[in-house]
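The figures here come from the full heavy-atom set of this structure, side chains too, leaving out hydrogens, waters and symmetry mates.
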Amino acid sequence: MRDDKMPGAKLRRRQDLVANYTQRYCVKNDTIGFFGPIAWGKVHGDGNGFHAVPGPGSLAERNLYFEDWPIAAVADTVAADNRFVSWLTPRMLPYLRLDGPRLVFPGGVSVEVSSAEHELLRQCDGRRKVRQIVSGLLANPFSCFQGEDEVHDLLRRLQREARIDLGFQVPGLEARPERALRAQFEAIGDAALREEALSLLDRLESARGAVASAAGQAEALAAAQSRLDAEFEAVTGVSARRRHGEAYGGRAILYEDCRRDFSMDMGEPFLLGLQQSLDLVLMGSRWFMEQVARGYLDALREVFMAHAAPGPQGALEIDAPTFWLHAQRLFFGDGAPIRQAVEELGARWRVIFEPFNDERRIDVEAEEISPAVSATFASCNPLWRRTCYQCPDLMFCGEEPDAAGGMMAVLGEIHVGGNTLLTNGFLGQHPDPEWMLAARRRDSGTDNVVPKLNGEGARRPIRTQWKDDPLHGVEVLFSQGARPFNPRNAMSLSALVIIEQNGELLVRSRDGDWQRGLLELFADFIFLSVANDYLILPKGRHTPRVTVGRVVWQREGWRLPCSEFDFMLDEDDARVFLGMRRKAAEWGMPGRVFVKVPWENKPFYLDFDSPLFVRHMAKQLRGALQGGQDPLCEISISEMLPDFEHLWLKDRDGELFTSELRMVALHQDDARPAADTEGRQP
């Protein structure tokens, strides 16, 4: 509510705050940080269109989750108390390995350990609790240990020296981490200690319940959140906020995911009306992933040849921790070997569209480019199973979707190399998650290989992490603090070696009982490095809208250096607003666009008719340039499509909402028989 007596500067700050949230969350075409409720639909073979029916309420379900880091903080607080040490689970750090009396580090450096250290480290397998280890050691008449305290003291020293993890085994990046911790607290044999530990968790869960009950009541919600923060800080001594301003940082203690009260049925004829166009763009993405896979294999082979040495059988091999020490630059930072594939992809699409090029629009039918696309993006067998996944995000433009043909679709992002519906944020809201996991197992034909980093290494909140499939997956632990969902199916990185066999690079367990192609080990990391790099036409100073059949493949866009916005350095809001209007007209931009600046991870909305939004962008630009941002760095701008006039999703009151259809596509050559999932299509 506006206060007429409020000073102008304070009023503008409040306006800027509201505009900031509006720009980033309320007028965003594509999913932003998984903002907004989701809904699951069904595809019917005998349906004739696209039927979306709102339910009586706005939401069918709302779920409030803990991030994993606050639960880990509770676990660490209890684990640091020596009274609980008997109930902790020690695990040697996953990149360390015992070789006789020596402890081997990545790179081959090793140190000699004492007999007591050697005896104890051999027991730290991540499966047995301290009390079980103590019992076994003291039952051995030849043990180095004479009493329980000796074992406890040495375990704490090994923990301080970063030789072992010693704590409660809270699986990282699991949707309900508090459940695993509660189960371990409930297994504490000492009744008084058990109740003490459980009471800490109870306090947080009670405070979470108060937050959930306050939904929709602003003042009550603020009070409940403050209480939760205070309880957490009292229990753990850790701040209730972290990673200030970081996108995907899991910054707060809780997050909410919701399911919209909404049913949606799509007939196959409706999707078939889009398929001819989608087939072509996905043909390109399948080819692209093959090139990415080859690029990674070549780069990984270079690492292997540079550091491998003859093994016991004479063939070249290298232990996995040493290989990872040299190879991790390929997956994080600027070392990913994908630039050539990205550039080649763009060059091939440019050749295909050159005969149809237009200054503002490329508009063709699928039949016109189908022969060229088929010849240009001919594919062979995928080099690893995860390349079978192509995940286009679609939006629809129109009043009412139907099978007749009036509805246009707009491609958002095309995620490649992974099934984006199998993350906690989506699968946690699915009515039958096990059906989805079974479908993934059918797609791959093998147990999933899940590389596990700790939360700091992953730098991704729970909702964006793959849903664990603990009985049908092999978790490979890479880093300190990485804890598996199912310890019985988990392996430390140090238990693996990289070998070459018949010209193929393989990862194999030291006992020889398990092996996979090397790309399987790093599939998750490859997905993260390439997930958003599939583009039709590389963005230049101006990129035309590309439409094939009934699908807009790429929105119209502009890429301009900050120096061309120098008029925004003016402190006068009116002159800035008029200058922005003139420039938008000069550049041929529509009235509403999305802007991506290099100093922010997410795009924001800009309406050229809004002095407030223009002022906000000018303030951002001034702050960045005054903070040392290069004036030649580029700002990306794209048209808003669908625009407000094109929205179709309505609630029961007729209010319109933006929406995005997420789907997973497999080429028919990559698909496996439907087996037990026949006839059930979510």
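The two residues I536 and V281 come nearest to each other via the heavy atoms CD1-CG2, 3.4 Å. Taking both residues in full, the closest heavy atoms of L647 and P642 are given as CD2-CB, 4.4 Å, listed atom of the first, atom of the second, then distance. Looking at every heavy atom in both residues, I338 comes nearest to S529 through CD1-O, 3.4 Å. Of all the heavy atoms in L204 and F66, the pair that sits closest is O-CZ, 3.7 Å. When all heavy atoms are compared, the tightest approach of D165 to G481 is OD2-N, 2.9 Å. Across all non-hydrogen atoms, the minimal contact from A210 to R227 is CB-NH1, 3.5 Å.
Although no hydrogens or angles enter the test, the distance criterion places a donor-acceptor pair under 3.5 Å between the side chain of S479 and the main chain of N454. Between the E233 side chain and the A240 main chain, a donor and an acceptor come within less than 3.5 Å of each other. At distances below 3.5 Å, not a single donor-acceptor pair connects side-chain atoms of E67 with backbone N or O atoms of Y255. Proximity of a side-chain donor or acceptor of S285 to a complementary backbone N or O of L282 within less than 3.5 Å is detected. Looking at N424, its side chain does come within 3.5 Å of a backbone N or O of I462 through a donor-acceptor pair. Looking only at distances, a side-chain donor or acceptor of D651 sits under 3.5 Å from a matching main-chain atom of D653. Remark: side-chain polar atoms of S277 are paired, donor with acceptor, to backbone N or O of V548 under 3.5 angstrom.
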**Item:** Derivation and outcome, side chain to side chain contact (heavy atoms under 4.5 Å, CB included), residues L274 and L394
**Value:** CA-CA 11 Å; L274 307 174; L394 286 179; 4.3 Å; yes

**Item:** Verdict with reasoning, V410 to H646, per side chain to side chain contact (heavy atoms under 4.5 Å, CB included)
**Value:** CA-CA 11 Å; V410 181; H646 301 133; over 6 Å; no

**Request:** Run the numbers on L521 and F478 for side chain to side chain contact (heavy atoms under 4.5 Å, CB included), then give the verdict.
**Result:** CA-CA 11 Å; L521 178 63; F478 275 68; 4.1 Å; yes

**Item:** Trace of the ring-ring contact (aromatic ring centres under 6.0 Å, His included) decision for F525 with Y296
**Value:** CA-CA 11 Å; F525 301 150; Y296 265 105; over 10 Å; no

**Asked** Should F485 and W466 be marked as a ring-ring contact (aromatic ring centres under 6.0 Å, His included) after you check the CA-CA gap, both sets of side-chain angles, and the distance that decides it?
**Response** CA-CA 12 Å; F485 189 93; W466 306 118; over 10 Å; no

**Request:** Would you please test T420 and F426 for side chain to side chain contact (heavy atoms under 4.5 Å, CB included) and show each step?
**Result:** CA-CA 8 Å; T420 58; F426 290 110; 5.6 Å; no

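When side chains are defined from C-beta on, F185 counts as touching V78, because their heavy atoms get closer than 4.5 Å. Counting heavy atoms from C-beta outward, Y389 and V664 have side chains that approach closer than 4.5 Å. Looking at heavy atoms from C-beta onward, F168 lies out of side-chain contact with V74 at the 4.5 angstrom threshold. The closest side-chain heavy-atom distance from H430 to L421 is not below 4.5 Å. Contact annotation: the side chain of V507 never approaches that of F522 to less than 4.5 Å [non-hydrogen atoms, C-beta and beyond]. Looking only at side-chain heavy atoms (C-beta outward), V449 and V476 come within less than 4.5 Å of each other. Side-chain atoms of L427 and L422, non-hydrogen and from C-beta on, do get closer than 4.5 Å to each other. Side-chain contact between D393 and H415 is present, with at least one heavy-atom pair separated by less than 4.5 Å.
For Q169, the side chain to side chain contact (heavy atoms under 4.5 Å, CB included) criterion is met by T89, R91, Q184, R483, P484, not counting sequence neighbours. Take F377 and apply the ring-ring contact (aromatic ring centres under 6.0 Å, His included) test, not counting sequence neighbours, and it matches W287, W349. In this view, S226 satisfies the side chain to side chain contact (heavy atoms under 4.5 Å, CB included) rule with no residue, not counting sequence neighbours.
A distance of 11.5 Å separates CE in M283 from CG in L278, rounded to the nearest 0.5 Å. To the nearest 0.5 angstrom, E178 atom CD is 10.0 Å from Y65 atom OH. A distance of 10.0 Å separates CG in L181 from CD in E186, rounded to the nearest 0.5 Å. The line from CH2 of W69 to CZ of R242 is 6.0 Å long, rounded to the nearest 0.5 Å. Distance check, rounded to the nearest 0.5 Å: CG of L477 to CG of L493 gives 9.0 Å. The line from CE of M395 to CH2 of W648 is 10.0 Å long, rounded to the nearest 0.5 Å.
Salt bridge status for D202 with R182: present, with a side-chain N to carboxylate O gap under 4.0 Å. Note on R241 versus D229: salt bridge recorded, some NZ/NE/NH1/NH2 to OD/OE distance being below 4.0 Å. A salt bridge between K467 and E434 is absent, with no side-chain N of the basic residue lying under 4.0 Å from a carboxylate O of the acidic one.
Residue E639 forms a side chain to side chain donor-acceptor pair (under 3.5 Å) with just one option from R555, R592, R545, and that option is R545.
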